[in-house]
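Only one structure is covered here, and it is reproduced in the block below.
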Amino acid sequence: MAAFFFAMTEDTLVKFKNLAAPLALAQGDEMLPVIKAAIPAWPFNAVDGDGMDRSSFARLSRHSETQWQLDAPLAEKTSVLHDPVNAVCDLIAEISWERLRSRPDLLCLHAAAIQIRDRLIVFPSQRRAGKSLLTAALGREGHPVFTDDFVPLAVDPQTRVISGLANGIAPRLRLPLPETVSEGFAVWVDDSITLRNRQYGYLSGLSLPEAGTAMPVGAIILLERPDDHRGPAALSPVPIDDALSVITKQNFGRQIHAGAILNVARALVQTIPVLKLVYRDVEEATALLRTSPLLDGLPEARLSASDAHLPTRPAPLEEGWQRGTQTADMATRYRQTAGTTEVETDRAIYVASERGLAIHQLNPLLAIVWKLTAEPASGADILAALAVIYPDVDASQLQGDVQASLTFLLREELIAPLAGQSQER
């Protein structure tokens, strides 16, 4: 458990359900209604921390009548002074990390997730795609809102079904709203905002399942909202490669072995529909999602039997590993390292090393070099094979490309020299 001791005598401890450590709230019980407005469906209780074990994942403290600061030792950004609304925004970001620290088996996607009929529809985060606005519009229609920002994913160890977990946090909209929304929608948003400042507004009155509620993932929808789109909203299948690339990039559960992330991502794109929604008008898009036959009778996302035992990664989260600095020797024979996870699609190869620190999408040349090291091969062997494939490429350039590819694979621990051979450092 990543928790820290803050030496204050007047802290209130805010204990969120299923989080290993509490939040320390310094001299600021008036922030509790603000937290409740932003996080209405994640049960918590506040207790006097005086005389108790007050190890906390973060501390929210008051600096003036209007300014608050969140201090979190593992936060990825410097603590700054905020108004109460932005301070709660910072708190929610840190809660997402503490959620993963409290339950290390979870993956977590930057994504919105909405229940449509009896399945969870996941909308991975894509820049300026309007996922929060679409989440609000679907919530307005009565669809349960699991999240508009981050969705933890859990794999059932018996059934292998992949489910998303609700986070109990109210959708947050950036203000002002885009001019494309109707007057009626804008009025509804204004009436529904319980907590706001000039930048953001948190919505109330929507169906928010309690944090931790599980629902099988039934579809992934990539959002595309081009400024010049003039046609009707359209929903259509997309290639697996497009979805796999998005999902692997949107995962931020770094405590999970990269091979496990890769296997779950593969299961998601291979066992449930992956669609693209192109739209301009959010209400038109909502109507399409509500009625589209593409979302009828959806399956459950599920790991294959061969992926039932996902690779694990040793604790702690940061291992102090440093990437190698060695340069590949063209005369040395190399082979793929044991324990590597590989996912191959029609257009790409994705790999993760046994250490499980990163997912690599191999470019075409790297993919060929990788395939050729399935059996022991030297740089010279690979160069000879590639000279046949690329007869028009200059030999010295090709040699440099092969050595650079082997060096990359070597430094990422995806290949290793055969035992007993020397390796240039």
Side-chain angles (χ1 to χ4, degrees), residues 4 6 8 10-16 19 21-42 44 46 56-101 108 110-112 125-136 139 145 147-151 167-178 181 186 189-206 208 211 250 252:
F4 303 87
F6 295 98
M8 296 292 292
E10 298 183 39
D11 285 356
T12 296
L13 295 186
V14 181
K15 299 183 177 181
F16 289 88
L19 289 193
L23 165 72
L25 187 59
Q27 304 180 44
D29 288 355
E30 64 269 31
M31 277 294 287
L32 290 174
V34 178
I35 295 171
K36 184 64 177 178
I39 314 176
W42 193 330
F44 66 82
S56 308
F57 70 88
R59 182 168 176 268
L60 186 59
S61 55
R62 182 174 181 168
H63 282 251
S64 70
E65 288 295 323
T66 59
Q67 292 185 313
W68 295 77
Q69 179 173 313
L70 183 78
D71 294 296
L74 293 182
E76 295 193 338
K77 59 181 181 180
T78 304
S79 299
V80 296
L81 294 178
H82 279 313
D83 66 24
V85 174
N86 280 339
V88 167
C89 293
D90 278 358
L91 171 61
I92 288 172
E94 189 57 29
I95 282 175
S96 71
W97 289 109
E98 181 61 19
R99 185 77 175 91
L100 299 180
R101 293 191 287 261
C108 203
H110 278 297
S125 179
Q126 292 173 279
R127 186 173 180 270
R128 299 185 63 190
K131 67 178 174 59
S132 291
L133 197 64
L134 184 60
T135 298
V145 175
T147 177
D148 76 327
D149 188 29
F150 66 93
V151 55
N167 62 21
I169 299 171
R172 183 190 72 174
L173 296 182
R174 187 178 293 275
L175 301 176
L177 297 177
V181 304
V189 167
D190 192 60
D191 290 343
S192 300
I193 291 178
T194 301
L195 180 66
R196 74 167 80 211
N197 62 8
R198 289 183 298 175
Q199 292 176 283
Y200 302 113
Y202 284 91
L203 299 180
S204 63
L206 303 179
L208 292 180
Q250 292 305 327
F252 67 93

(request) List the steps, then state whether side chain to side chain contact (heavy atoms under 4.5 Å, CB included) holds for K131 with S125. (result) CA-CA 7 Å; K131 67 178 174 59; S125 179; 3.5 Å; yes
(request) Could you please spell out the steps behind the side chain to side chain contact (heavy atoms under 4.5 Å, CB included) verdict for R172 and C89? (result) CA-CA 9 Å; R172 183 190 72 174; C89 293; 3.1 Å; yes
(request) For the pair D83 and T66, evaluate side chain to side chain contact (heavy atoms under 4.5 Å, CB included) and give the outcome as yes or no after the intermediate values. (result) CA-CA 6 Å; D83 66 24; T66 59; 5.8 Å; no
(message) Quick one, Y202 with I92, criterion side chain to side chain contact (heavy atoms under 4.5 Å, CB included). Give me CA distance, side-chain angles, the key distance, then yes/no.
(response) CA-CA 12 Å; Y202 284 91; I92 288 172; 3.5 Å; yes
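Contact record, L133 with P178: CD2-CG, 3.7 Å, taken as the closest heavy-atom pair. Taking both residues in full, the closest heavy atoms of P22 and K15 are given as CB-CG, 3.8 Å, listed atom of the first, atom of the second, then distance. Nearest heavy-atom pair across L195 and A38 is CD2-CB, 4.0 Å. Between V145 and G139 the shortest heavy-atom distance is CG2-CA, 3.8 Å. Scanning both residues, D148 and A170, for their nearest heavy atoms gives OD1-O, 4.4 Å. For the residue pair D11 and A24, the shortest heavy atom distance occurs at OD2-CB, 3.7 Å.
Note: L91 CG to M31 CE = 7.5 Å, rounded to the nearest 0.5 Å. Atoms CG and CG, from N197 and L175 in turn, are 7.5 Å apart once rounded to the nearest 0.5 Å. Atoms OG and CZ, on S96 and R101 in that order, are 8.5 Å from each other to the nearest 0.5 Å. Residue L19 holds its CG atom at 11.5 Å from OG of S56, rounded to the nearest 0.5 Å. How far CD1 of I95 is from CG of L23: 7.0 Å, rounded to the nearest 0.5 Å.
The closest side-chain heavy-atom distance from N86 to W68 is not below 4.5 Å. Side-chain atoms of P171 and L208, non-hydrogen and from C-beta on, do get closer than 4.5 Å to each other. A 4.5 Å side-chain heavy-atom check between V189 and V181 finds every atom pair outside the cut-off. Contact of the S132 side chain with the D149 side chain is not registered, since no non-hydrogen atoms from C-beta on lie closer than 4.5 Å. Between I169 and T147, the closest side-chain pair of non-hydrogen atoms is not below 4.5 Å. The closest side-chain heavy-atom distance from I193 to L203 is below 4.5 Å.
A salt bridge is defined here as a Lys NZ or Arg NE, NH1 or NH2 lying under 4.0 Å from an Asp or Glu carboxylate O, and R196 with D190 meets this definition. Ion pairing between R59 and E94 fails under the 4.0 Å rule for side-chain N and carboxylate O.
By the 30° and 60° cut-offs, the orientation of the rings of F16 relative to F44 is tilted.
A donor-acceptor pair under 3.5 Å is formed between the side chain of S79 and the backbone N or O of L70. When atom types are taken as modelled, the side chain of D90 and the backbone of Q69 share no donor-acceptor pair closer than 3.5 angstrom.
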